[in-house]
Amino acid sequence: MDINNQKKYYTLVLLFVAAFTILSAFRLLNLSFNYDFESFFPNEDHELEVYNNYRKTFEYDNEFALIAIENKAGIFNKTFLLKVDKFCKEIEQVENVVRVNSPTNLKNISLGGLIPVQTRILHIEDESLYKEDSASIYQSPYLIGSFFPENAKSLSIFIKTKDILTKSECDKLAKDLTGIINRYQFEDVHYVGRIFAQDVYLKNLQKEFTLFLILSFIVVVIFLWFSFRSFYGIIVPITIVLLSVLWTLGIMDLIGKQIDIMCTMLPTMVFIAGMSDVVHFFTKYFEELAKGTSKEKIYPLILKEVGFPTFLTLLTTVVGFLSLLFSSIQPIRDFGIYTSIGVVIAFVLSYTLLPALLYFFTPKKLISVHGSNNSSTRIMRNGLFWIFRNQKTILIISVILIVVSVVGVTKIKVNNILLEDLSEKVKIKQDFNFFDKYYSGVRPFEILVNSKQKNVLDTIVLKEIYKVENFIKKEFKAGFVVSLPSLVTNINGTVNNGTKTNLPLGEDLEEICRIIKENKKNKEIKRLLTGDLKQTRISAKIRDEGSLIISERNRNLIKFINSNCDTNLVSFKITGAAHLIDRNNEYMVDNMTQGFVFSLIIIAILTFFLHKSWRMVLVFFLPNIFPLLVIAGFMGYAGIELKAATSLVFSIAFGIATDDTIHFISRLKIELSYGKSLLYAFKRTYFETGKPIILTTFILMGGFMSLMLSDFQSTFYFGFLICITVIVAVLADIFLLPVLLFLIYKKKK
């Protein structure tokens, strides 16, 4: 291409980039944030269909709010109770509130409400009855852990909200409720529920999205300054990666994709992955100028010596991100797709916009910085000589680390806690912990009950359900229990003035069941019983002790049912939003394993195709599997549990870690193709690739370290674990990879 054509080409590139940048900037104004809790449900599991049918039949198990009001001097105080009663009556009038259940308004033989209870368990206007009320309450197991804690220093209010609230409706309801709470100025108030949690998540998403972008920018600027000692050496690379992020976000808005908890990490990922391409191009360009190579010869040379290896690293990085498509969780799939788009955009801009900018202006200062007689070159030379003298030591240390890591891998546990993503500093997390500590908890626990022969109000079926309910109360320490046996038991207790609190027998049971059957069209009973009397539910709230413990209890429950219940007569199926999230975590680990194996196979085929040697495939994989083994072993020893967020690390880290290996091997092959001796080829490879590898490693570390400032635990661990992986990966590429390559090529020679 002659000079005039070059100028015309680069001018067109600049015009196109300017036009698309303006379009993306306008689209960015419309970009919105979203936290859809249900988007993390596994969408390929039949259990999701069961759950969707379950909540259509009865009600949504996660559309509620709990408010605990403290009075540390004791709740049996007339002024306090009257104030709570007035507070509840005001909440009942709020739009999208379906019902409010409080210790101050529980009704006698009510088939409505959260659970049926005795008449006026609290005579709030008559202080002389408080002692009697207190004694009665604390002899009623179904009230303790639900509406009252054991220490009697707070009480709990259950608010059922309208099902399927939109984002704007949730925000308005949360604002209305917090406004009322603040106006009453109770001693201390704790509140939890989707409407509150969603708002907290979204605000944190917006804050962290901006924070990560700014921190990534600052970190990259610092490392670029130390590398190039020039404002031009900062501005041009930053421009490339910022445009990559901007274009990616613009494309997301054009498609209609919103920013969710996964996509908050997208700018950081594109920023640091894109910077690797720019640094390799930039470094090679100015090194050639420092040698005196003419500009006309530099571009073809860069395409051969840097462009092709960089294209290979693009493929491995994209394969790493696209392996997330094996996930059944839509936000994770989207994260893989849009990050891949961003990385491809960064590559394209690095080989179109960057040459255009360098064509129109090349500062002389950057040429002198990349001369061969500098301190970094001397350090690299000394490092290479040390490696050749200590090859056995490096191999022995590597084997020891692998063995120790494999032992650590066996200690990894798969676990998930619903709100552990949030920092302990966040109020809703503190409130969630309060309910777990003083009440039965907030986590929904749902069981679908199907009668196979008789209807569920048949006394034989009811007794089977009663067995399971009692086991749940004991095994899970459940509160807020809603079930047919609870309804029957409480009606029986009320009819007998509280003297009978067990399931009635004989004619008493038949009479109560007959009354319920006659009232089956009552809207409150319809939440508990289907019209054909074939299905019912057991609904409760339990403490969120993690999927590991709860899964064990679920297994104990299934064993109990199989051993003690007539499964030919009635079936029990665990379901609910929390259960699906736990199942999602199990699927996620399996999906990521499949994705990781997919990455290995694709990259193995690519490596074999390029080098025509299975030994080279092995050499390629060892330095890149090594850091993943080390990080997995570290997780085992440190007690970092495997869950959706941490399982992502392996596929993504592998895709990123292979970049440096590709650059090193590709450069060595090029040097050998020039007819240079093995030792000289190693020396040139180490000098040519060593500096950009170390620089991109620092940029990667700095970018991922910014994620460690997140209030989301999953984001923190994602950044933390990839930082460690990147450090181990660069050490493996600098020390282990040259030894393995030297052994192979030495044998060939």
Side-chain angles (χ1 to χ4, degrees), residues 1-31 209 213-214 216-217 220-221 224 228 230-255 257 259 263 266-286 289 295-296 298-300 302-303 306-308 310-311 313-315 317-318 321 337-363 366 696 699 703:
M1 188 184 295
D2 59 39
I3 295 175
N4 289 331
N5 286 336
Q6 273 189 340
K7 187 174 182 180
K8 186 182 295 184
Y9 167 74
Y10 289 133
T11 302
L12 288 173
V13 167
L14 291 175
L15 289 173
F16 175 79
V17 168
F20 199 83
T21 300
I22 293 169
L23 173 63
S24 297
F26 276 113
R27 300 302 311 186
L28 199 62
L29 298 174
N30 301 321
L31 199 63
F209 180 79
L213 192 57
I214 292 172
S216 300
F217 178 83
V220 169
V221 165
L224 288 176
F228 300 118
S230 163
F231 285 111
Y232 188 85
I234 294 173
I235 293 169
V236 171
I238 287 290
T239 299
I240 301 295
V241 290
L242 279 179
L243 288 177
S244 303
V245 173
L246 180 63
W247 285 22
T248 305
L249 295 176
I251 290 170
M252 287 173 63
D253 184 68
L254 282 169
I255 297 173
K257 169 64 181 171
I259 299 291
C263 286
L266 186 145
T268 300
M269 301 301 298
V270 175
F271 211 89
I272 56 186
M275 186 56 69
S276 175
D277 298 339
V278 178
V279 167
H280 281 285
F281 187 105
F282 222 59
T283 303
K284 181 63 178 175
Y285 180 81
F286 285 104
L289 283 179
K295 281 189 177 183
E296 291 75 21
I298 289 177
Y299 292 113
I302 287 177
L303 290 175
V306 179
F308 184 65
T310 304
F311 176 71
T313 65
L314 171 72
L315 291 180
T317 303
V318 168
F321 283 115
I337 292 169
Y338 290 108
T339 307
S340 297
I341 291 172
V343 171
V344 171
I345 290 171
F347 174 82
V348 172
L349 288 177
S350 296
Y351 285 86
T352 54
L353 178 58
L354 183 55
L357 295 173
L358 291 171
Y359 174 83
F360 287 107
F361 181 64
T362 304
L366 276 170
T696 53
I699 290 173

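The first residue of the sequence shown is numbered 1, and numbering continues consecutively from there.
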Worksheet item: Listed by chain and number, what are the side chain to side chain donor-acceptor pair (under 3.5 Å) partners of Tyr338, not counting sequence neighbours?
Response: none
Discussion item. Let me confirm one number: the OG1-CZ distance from Thr339 to Phe321, rounded to the nearest 0.5 Å.
Written reply: 5.0 Å
Discussion item. Return the CD1 to CD1 distance between Ile238 and Ile235, rounded to the nearest 0.5 Å.
Written reply: 9.5 Å
Side chains of residues 341-353: which donor-acceptor partners sit under 3.5 Å, not counting sequence neighbours?
residue	atom	partner	partner atom	Å
Ser350	OG	Ala346	O	2.7
Tyr351	OH	Thr310	OG1	3.3
Thr352	OG1	Val348	O	2.7

Worksheet item: For the atom pair CG (Leu15) and OH (Tyr10), what is the distance rounded to the nearest 0.5 Å?
Response: 15.0 Å
Considering only distance and modelled atom types, tabulate donor-acceptor pairs under 3.5 Å from the side chains of residues 16-28, sequence neighbours left out.
residue	atom	partner	partner atom	Å
Thr21	OG1	Val17	O	2.6
Thr21	OG1	Trp247	NE1	3.1
Ser24	OG	Phe20	O	3.0
Arg27	NE	Asp253	OD2	2.8
Arg27	NH2	Asp253	OD2	2.9

Worksheet item: If you round to the nearest 0.5 Å, how far is CE of Met252 from CG of Leu266?
Response: 5.5 Å
